[in-house]
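Just so you know, these numbers use all the heavy atoms, side chains as well, and skip hydrogens, waters and symmetry mates. A note on names: the letters A, B, ... follow the listed sequences, proteins ahead of strands, and every chain is numbered from 1. Quantities reported herein were computed from a predicted structural model and do not represent experimental measurements.
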2 protein chains.
Amino acid sequence: MAKHILVVDDDALMRRSISFKLEQSGYRASTAVSAEDALALARRDRPDLILLDIGLPGMDGMEALRHFQNEIENVPVIFVSARRRELDTILGLELGADDYITKPFNPDVLLAHVKAVLRRTAAPAPEPGERPLPITVGDLIIDPAAHTVHVAGQQLDLPAKEFAVLYTLAQEAGYVVAMDDLLNRVWGAEFLGEPQVVYVHVRWLREKIEEDPQKPQRLLTVRGVGYKLVPHEVSKE
Amino acid sequence: MAKHILVVDDDALMRRSISFKLEQSGYRASTAVSAEDALALARRDRPDLILLDIGLPGMDGMEALRHFQNEIENVPVIFVSARRRELDTILGLELGADDYITKPFNPDVLLAHVKAVLRRTAAPAPEPGERPLPITVGDLIIDPAAHTVHVAGQQLDLPAKEFAVLYTLAQEAGYVVAMDDLLNRVWGAEFLGEPQVVYVHVRWLREKIEEDPQKPQRLLTVRGVGYKLVPHEVSKE
DNA sequence: AAAATCGCTCAGAATCTTTTCAGGATGGGA
DNA sequence: TCCCATCCTGAAAAGATTCTGAGCGATTTT
């Protein structure tokens with residue numbers, strides 16, 4: 001069964017080209033010019049995914065998002081932000097969008113996001129209000145909900161970025177996370193700065209979670225590839 | 001190896017200064033005066049990124065963009081627009097390019113955008129379920145996701161190139177991989193160096209995975225052809 | 001206001017990898 | 001057996017990557 005995707009954008013050309021691309025890829029696309037229209041449409045014919053432009057006249061994106069999530073059960077929403085505006089994207093994600101993408105974007109990239117979100121939301125029905133679970137890696141416990149980290153029993157306070165790095169690595173515990181991946185996931189795809197930031201944050205992290213930061217046991221670098229977080233049990237005597 | 005960037009602009013000075021900056025930063029740049037030329041060139045030598053001027057005579061930017069995206073698989077494109085004015089006209093069609101930048105621009109800013117686009121298009125988020133699986137060959141276990149190798153229970157850390165060689169051989173375990181194949185798959189088709197590098201890496205590898213590097217049991221050379229990786233169970237006493 | 005924190009950049013140093021080089025071994029066909 | 005392309009070896013050069021310490025704004029805390 002073809003997934004139904006609702007495209008909400010006030011720009012006609014945009015609507016047309018997005019829905020063209022989607023249909024070409026086997027989805028069923030419907031379009032709406034405004035959030036109001038979109039809501040009406042969605043109530044009649046529940047979409048599996050909504051592509052929502054933020055810069056809508058009338059009801060704005062944020063508000064629309066709230067309505068969608070109240071009225072339509074469990075609909076993933078991808079924000080499409082009109083300009084490079086970090087604020088939008090961050091706010092959108094905190095408000096509950098499942099993903100975002102900023103214009104201009106490559107149609108293939110859009111498609112990739114659509115697929116990813118559909119896959120992610122399809123499998124494990126995420127209970128609303130369910131908190132992300134803490135991740136344990138050896139004697140490390142990283143709790144994203146509480147934003148806390150425990151190392152060998154001790155609680156740690158980490159700045160936001162450091163936490164994000166650690167959490168990202170923890171999600172792939174045991175596996176290497178490539179430098180680029182790390183940058184994309186922690187700093188976002190729009191990040192224009194130097195990749196060296198990673199070194200610095202890793203260093204600070206190590207100063208906090210490693211016994212001997214010079215000889216990391218938990219947060220290892222895989223030269224030429226990236227970093228990985230591995231379990232480390234305290235050696236017992 | 002060095003990423004290939006295709007610069008399309010009808011202004012010679014522009015072409016030269018952009019490609020100079022790119023090459024100076026370690027990229028391989030080629031240039032084209034027109035969209036037609038660019039297409040021809042791109043078909044012969046697939047670029048990793050295209051910097052496309054919008055205000056081209058002849059085939060215009062949008063049309064060129066469409067051609068590129070149809071004909072060249074998955075090529076990210078950055079629009080370079082001559083004026084704010086022009087940009088507005090395409091902002092209506094924000095679908096298509098991966099990024100844009102307006103003239104005049106600071107070369108460093110251009111570079112930052114190039115890097116960012118390459119980064120975000122390079123790494124396809126490694127979905128947890130889609131990690132490459134470890135390969136077992138005798139008492140060797142090669143796990144690309146963790147970037148680890150186990151020989152008879154012992155964990156090994158291998159540098160990137162060595163790992164790549166081993167992994168490539170492991171993928172064809174039991175069969176010979178020709179020298180040329182190995183070079184292509186590990187070093188890429190555009191490798192200009194001496195094929196001797198392979199000997200050296202094989203040697204490093206043998207020193208790590210063979211009990212007696214002089215008498216290889218796992219990584220065998222097939223004279224005149226290449227190398228092969230074969231299972232080797234430790235003889236038990 | 002001063003002080004502390006955070007995120008980032010920078011440049012030089014330290015480290016590790018990769019390649020090259022030159023000579024020596026080796027093995028298989030003539 | 002002899003020869004020669006093919007491989008191997010050790011060492012050194014060349015190249016990349018990562019680590020460090022320091023410093024700078026911006027923001028928040030005191």
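Spacing between atom NZ of Lys215(A) and atom P of dT20(D) amounts to 11 Å, rounded to whole angstrom units. Distance, Gln196(A) CD to dA16(D) P: 15 Å, rounded to whole Å. In this structure, Leu205(A) atom CG and dT20(D) atom C1' are separated by 16 Å, rounded to whole Å. Atom CG in Leu166(B) sits roughly 13 Å away from atom P in dT18(C) (whole-Å rounding). In this entry the distance linking CE of Met179(A) with P of dA16(D) reads 16 Å, nearest Å. Computed from coordinates, the Glu190(A) CD to dC8(C) C1' distance equals 18 Å when rounded to whole Å. At whole-Å resolution of the value, CG in Leu192(B) and P in dT18(C) are 18 Å apart.
On a pure distance criterion of 3.5 Å, a polar donor-acceptor pair joins the side chain of Arg223(B) and the base of dT6(D).
At the heavy-atom level, Val202(A) lies nowhere under 4.0 Å from the strands shown. At the heavy-atom level, Gln214(B) lies under 4.0 Å from the strands shown only through sugar-phosphate atoms. If you check every strand for non-hydrogen atoms under 4.0 Å, Phe163(B) touches nothing. Trp204(A) comes within 4.0 angstrom of a nucleotide base, judged by non-hydrogen atoms across all strands. Nucleic acid contact class of Val225(B) (heavy atoms, under 4.0 Å, all strands): sugar-phosphate only.
The Val200(B) side chain lies nearest to dT20(C) when the options are dC19(D), dT20(C), dG7(C). When the nucleotides dC19(D), dC8(D), dT20(D) are ranked by their closest atom to the side chain of Arg203(A), dT20(D) comes out on top.
Other residues, nucleotides and ligands contribute only 12 or fewer heavy atoms inside 6.0 Å of the NZ atom of Lys228(B). Remark: Asn70(A) CG is packed, more than 12 non-hydrogen atoms of other residues, nucleotides or ligands lying under 6.0 Å away. Residue Glu73(B) qualifies as open at atom CD: its count of foreign heavy atoms under 6.0 Å is 12 or below.
Considering only side-chain N and O atoms, Tyr199(A) lies under 4.0 angstrom from the phosphate OP1 or OP2 of dT18(D). In this structure, Trp187(B) reaches the dT19(C) phosphate: one of its side-chain N or O atoms is under 4.0 Å from OP1 or OP2. Lys161(A) has a side-chain polar atom (N or O) that falls below the 4.0 Å cut-off from OP1 or OP2 of dC8(C). An OP1 or OP2 oxygen of dT19(C) is reached within less than 4.0 angstrom by a side-chain nitrogen or oxygen of His201(B).
Within the 4.5 Å cutoff, the side chain of Leu49(B) has no heavy atoms near those of the Lys3(B) side chain.
Residue-to-nucleotide proximity on DNA chain D shows that, of Arg206(A) and Pro216(B), the 5′-proximal contact is made by Pro216(B).
Aromatic ring orientation, Tyr167(B) versus Phe163(B): parallel (interplanar angle below 30°, classes split at 30° and 60°).
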